[in-house]
Every structure is written in structure tokens, then in C-alpha cells.
Chemist: 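Sharing a structure, written as C-alpha cells. Questions coming.
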Amino acid sequence: MKKNPLPPTISGQCYCGAITIHASGRPEAIAYCHCADCRRVTGAPVAAFAEFAASAVTFTPDDGRHVSVNAGVTRSFCASCGSPIAGRYDYLPGKVYIGVGILDQADELAPRLHAHEAERLPWLHIDDDLERLEDSARSRLAPPSR
Ligand SMILES: [Zn+2]
Ligand SMILES: [Zn+2]
């Protein structure tokens, strides 16, 4: 599969600008997620997330208000404008997931796989040749060898 080069540094901000994001490292993975949770969090028919090492990302002044609806999943939102800022999963320790849409270099952050393809909205058709996982990208994002 052809892979585009990733930008060396990545920045971002929420809708109102109260929270800014700086990543010193490149994303370790970028994926669409078609699950119903991600749709509800983003309000979009499909989400796209970049995975970073949590230690590589700085949120200023912080990563917002934490909300945990499902056990083991913490999502944070800007307290002022409500933008989704970050997602953290107990089963993917040391990683943080940030929506590609709030990153300034989104045009260079093309997803490389589809997760939860089984939950994709039936009217949404993305014409690419990326790998499609029927369920979570969990096994791909945290392979047992790591
Ligand atoms: Zn905001
Ligand atoms: Zn999802």
C-alpha cells in the first residue's frame, strides 16, 4: 500500500480556540471509525482519528472536560465550545486519539484503514482501497507483539 509522508509536527485547536494541541511526534496510526459511539461524539457520519503516543502530545491549557460514558473509555471536550478533543482507552495504554478534523495538517493525515466497517451507515460510501475491519482497530493499534 502506498503511504504518504506524514508532517513532522502537528498542531490543532478546538472550534473556539480555547484549547490548542501540539504533537512533537507523528501519528502512529490514522483510521476512520464507523462505530455509533464515534458518530455521536463527533456528530459526523464517520469519524477519523490519529493515534499518538500520549507523551508526545501537549494540550494547552489542558485537554478539557473528561467524560466517561463507557467503562474504560475517556473522552475529553472543550468546556467552552464542546469540541471533542481527545479519546483515551484503557486497553490502549499510553495512546491518545485525536480527531483528524481539529488538526491543522488534516490534509496530510489520510486515514489508512476503516474500523467498525460493520457499523458504517448504509448510505455512506467511501471509494478507497483501504483495509476494512468489521470490528475495532484494537488488534491493529495494539498488536500483541508490542
Ligand atoms: Zn473550544
Ligand atoms: Zn469508534
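Computed over heavy atoms, backbone and side chain alike; hydrogens, waters and symmetry mates excluded. Counting convention: from 1, in listed order, for ligands and their atoms alike.
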Chemist: Which of the protein's N, O or S atoms come within less than 2.8 Å of the Zn ion (ligand 2), not counting waters?
Modeler: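 As for protein N, O or S atoms lying under 2.8 Å from the Zn ion (ligand 2), they are Cys33 SG, Cys35 SG, Cys38 SG.
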
Chemist: If we ignore hydrogens and angles and just use 3.5 Å, is the side chain of Glu28 paired with the main-chain N or O of Phe52 as donor and acceptor?
Modeler: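 Absent.
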
Chemist: Flag yes if Val57 and Leu103 sit in one hydrophobic cluster, no otherwise; membership is Ile, Leu, Val, Met, Phe, Trp, Tyr, and two members link when side-chain heavy atoms are under 4.5 Å apart.
Modeler: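 As far as the 4.5 Å side-chain criterion goes, Leu103 and Val57 are connected within one cluster.
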
Chemist: For the pair Cys78 and Cys16, evaluate side-chain contact (heavy atoms from CB on, under 4.5 Å) and give the outcome as yes or no after the intermediate values.
Modeler: CA-CA 9 Å; Cys78 173; Cys16 75; 3.9 Å; yes

Chemist: To the nearest 0.5 Å, what is the distance between CD1 (Ile85) and CZ (Phe59)?
Modeler: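 It is 7.5 Å, given to the nearest 0.5 Å.
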
Chemist: Is the backbone of Ser11 close enough, under 3.5 Å, to the side chain of Gln105 for a donor and an acceptor to pair up by distance?
Modeler: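 It does hold such a pair.
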
Chemist: Look at the side-chain heavy atoms of Ile, Leu, Val, Met, Phe, Trp and Tyr, link any pair under 4.5 Å apart, and say whether Val96 and Ile102 land in one connected group.
Modeler: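 Linked, Val96 and Ile102 end up in one cluster.
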
Chemist: Can you tell me if Arg132 uses its side chain to pair, donor with acceptor, with the backbone of Leu130 under 3.5 Å?
Modeler: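 Yes, because the side chain of Arg132 sits within donor-acceptor range (under 3.5 Å) of the backbone of Leu130.
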
Chemist: Decide whether Asp128 and His114 meet the rule of one side-chain donor and one side-chain acceptor closer than 3.5 Å.
Modeler: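 On atom types as modelled, these side chains qualify, holding a pair under 3.5 Å.
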
Chemist: What protein N/O/S atoms sit under 2.8 Å from the Zn ion (ligand 1), by chain and number?
Modeler: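 Short answer, with waters excluded from the count: Cys14 SG, Cys16 SG, Cys78 SG, Cys81 SG.
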
Chemist: Answer yes or no: is there a donor N or O on one side and an acceptor on the other, between the side chain of Arg120 and the main chain of Leu124, under 3.5 Å?
Modeler: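 Confirmed, Arg120 side chain pairs with Leu124 backbone.
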
